[in-house]
There are 2 protein chains.
Amino acid sequence: MYFWEMSFDTEKEKYSMEVLDDTDLALLRLLGNNSKLTIKELAIKVNLTPSPVFERVKRLEEQGYIKKYIAVLDAEKLNFGLIVFCSIRLKHHDKNIGYEFVSDILKIDEVVECYNISGDYDFLLKVHARDMKHYQDFVFNKLGSVTSIGSTQSTFVMSETKHSCNINF
Amino acid sequence: MYFWEMSFDTEKEKYSMEVLDDTDLALLRLLGNNSKLTIKELAIKVNLTPSPVFERVKRLEEQGYIKKYIAVLDAEKLNFGLIVFCSIRLKHHDKNIGYEFVSDILKIDEVVECYNISGDYDFLLKVHARDMKHYQDFVFNKLGSVTSIGSTQSTFVMSETKHSCNINF
DNA sequence: GGTGAAAGATAGTCACA
DNA sequence: TGTGACTATCTTTCACC
């Protein structure tokens, strides 16, 4: 059972959960694939008039279901086609060194995503670089100066076969 | 030297490379972070009037630098907060089994991204699930019926510390 | 929650420089 | 390539249901 299928004792409880109905979910799915759809077009697709659709979308933005609107850029065309997953082991495992690592990583442009993971390594980075030379420079000069790092392991992407930017719910 | 810094012998050559100037790059950076910026607002930021900005953005869309416009959704709020990286080794390595695998993977909603990688495994999947139970179901029932898979290994994300949706160029 | 109309802003076109 | 004006369309508001 998902949270939007739960039953609530009071209206207040329901309100605090900011429950989404099927129309809200439909709007999120539509905008998650194509945010250029106009309020008018959305209204037709969900069988409503523009006004309530406008209110719903505004509410979904305010409540944070929609985090932002972006143009999805073509990394290859922009000469940033090399994707590398970089696994990282920290030197130690105290809280401070973790914070230090994250704060350093946030500043590095090549790092597009960073995850704290289970298993042999502590963090997994998704890195975008122009080419091998650029990636080498990234490892030596950028990661090289992050002192909290113990060891790294690079997994190179040979081809990207699927990339949906949003969850498919 | 990046391709937009190259010099060209002829205008035709230049055209075929669809070279981007600084204004184009600025527009891509702006829209990559916030596609709700109006043509008017963009024009002010790049010191132009709306008309040429409109033409430039339209050209960037047509030439594929902008692939699409999307609303970035909050996976946690939508109860899809569990992220798992699933490494996959195929049974064999002929071309057909690779195609078969990719075609099966494309159909699975939980798989948000799929990469053909170097190293011990053949593919790396980024999976979004509601919870462990859902992930277990995904592994047994969805991956379980992809016959081309030899073995898998799951790396669970404990926290996402960075996620820029686009490249930072 | 939803409808429909009205006003204000934006996108998109075009003649001209 | 860029400017400035023009029109069509869309967003956003609001009184009413």
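A note on names: the letters A, B, ... follow the listed sequences, proteins ahead of strands, and every chain is numbered from 1.
- Of the side-chain N and O atoms in R56(B), none sit less than 4.0 angstrom from OP1 or OP2 of dT1(D).
- The nearest whole Å value for the distance from the CG atom in L27(A) to the C1' atom in dG2(C) is 14 Å.
- Between F80(B) and H134(B), the distance from one ring center to the other falls under 6.0 angstrom.
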Contacts under 3.5 angstrom, residues 82-93 of chain A side chains, donor-acceptor by atom type, not counting sequence neighbours:
{"unit_1": "R89(A)", "atom_1": "NE", "unit_2": "D120(A)", "atom_2": "O", "d": "3.0"}
{"unit_1": "R89(A)", "atom_1": "NH1", "unit_2": "S151(A)", "atom_2": "OG", "d": "3.3"}
{"unit_1": "K91(A)", "atom_1": "NZ", "unit_2": "T147(A)", "atom_2": "O", "d": "2.8"}
{"unit_1": "H93(A)", "atom_1": "NE2", "unit_2": "D122(A)", "atom_2": "OD1", "d": "2.9"}
{"unit_1": "H93(A)", "atom_1": "NE2", "unit_2": "D122(A)", "atom_2": "OD2", "d": "3.0"}

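- Taking atom CG on L48(A) and atom C1' on dT3(C), their separation rounds to 10 Å, with Å as the unit.
- One interatomic measurement links the two molecules: CD of E55(B) to P of dT3(D), which rounds to 13 Å at whole-angstrom precision.
- Here CD of E113(A) is found 7.5 Å from NE2 of H128(A). Values are rounded to the nearest 0.5 Å.
- Rounded to an integer number of Å, the gap from CG of L20(A) to C1' of dG1(C) is 15 Å.
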Just the table, please: protein N/O against nucleotides 9-11 of chain C N/O, every pair under 3.5 Å.
{"unit_1": "dT10(C)", "atom_1": "OP2", "unit_2": "K40(B)", "atom_2": "NZ", "d": "3.4"}
{"unit_1": "dA11(C)", "atom_1": "OP1", "unit_2": "I39(B)", "atom_2": "N", "d": "3.3"}
{"unit_1": "dA11(C)", "atom_1": "OP2", "unit_2": "I39(B)", "atom_2": "N", "d": "3.3"}

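- A salt bridge links E55(B) to K58(B): one of the charged nitrogens lies within less than 4.0 Å of a carboxylate oxygen.
- Taking atom CG of residue D22(A) and atom C1' of nucleotide dG1(C), one finds them 15 Å apart after rounding to whole Å.
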Taking only nitrogen or oxygen atoms into account, show me every contact under 3.5 Å that the protein makes with nucleotides 15-17 of chain D, one pair per line with its distance.
none

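- With rounding to whole Å, I44(A) atom CD1 is found 17 Å from dG2(C) atom C1'.
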Next on the checklist: Walk me through whether V111(A) and F138(A) qualify under side-chain contact (heavy atoms from CB on, under 4.5 Å).
Outcome noted: CA-CA 9 Å; V111(A) 178; F138(A) 160 78; 3.9 Å; yes

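- More than 12 heavy atoms of other residues, nucleotides or ligands shown are found within 6.0 angstrom of NZ on K162(A).
- A salt bridge (Lys or Arg N to Asp or Glu O under 4.0 Å) check over residues 136-159 of chain A, counting only residues at least two apart or in different chains, returns the pairs E110(A)-K142(A).
- One N or O on the side chain of S145(A) and one on the backbone of N141(A) form a donor-acceptor pair closer than 3.5 Å.
- Counting only heavy atoms from C-beta on, K58(B) has its side chain closest to dT13(C) among dT13(C), dG2(D), dT13(D).
- In this structure, the CG atom of L42(A) is 12 Å from the P atom of dT12(D), given to the nearest Å.
- Judged by distance alone, the side chains of Y115(B) and T155(A) never bring a donor and an acceptor atom under 3.5 Å apart.
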Please list, for nucleotides 4-8 of chain D, all pairs of protein and nucleotide N/O atoms separated by less than 3.5 Å.
{"unit_1": "dG4(D)", "atom_1": "O6", "unit_2": "S51(B)", "atom_2": "OG", "d": "2.6"}

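- For the atom pair CD1 (I70(B)) and CG (N166(A)), the distance works out to 4.5 Å, reported to the nearest 0.5 Å.
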Could you pull out every donor-acceptor pair under 3.5 Å between side chains of residues 42-49 of chain B and any protein atom, sequence neighbours left out?
none

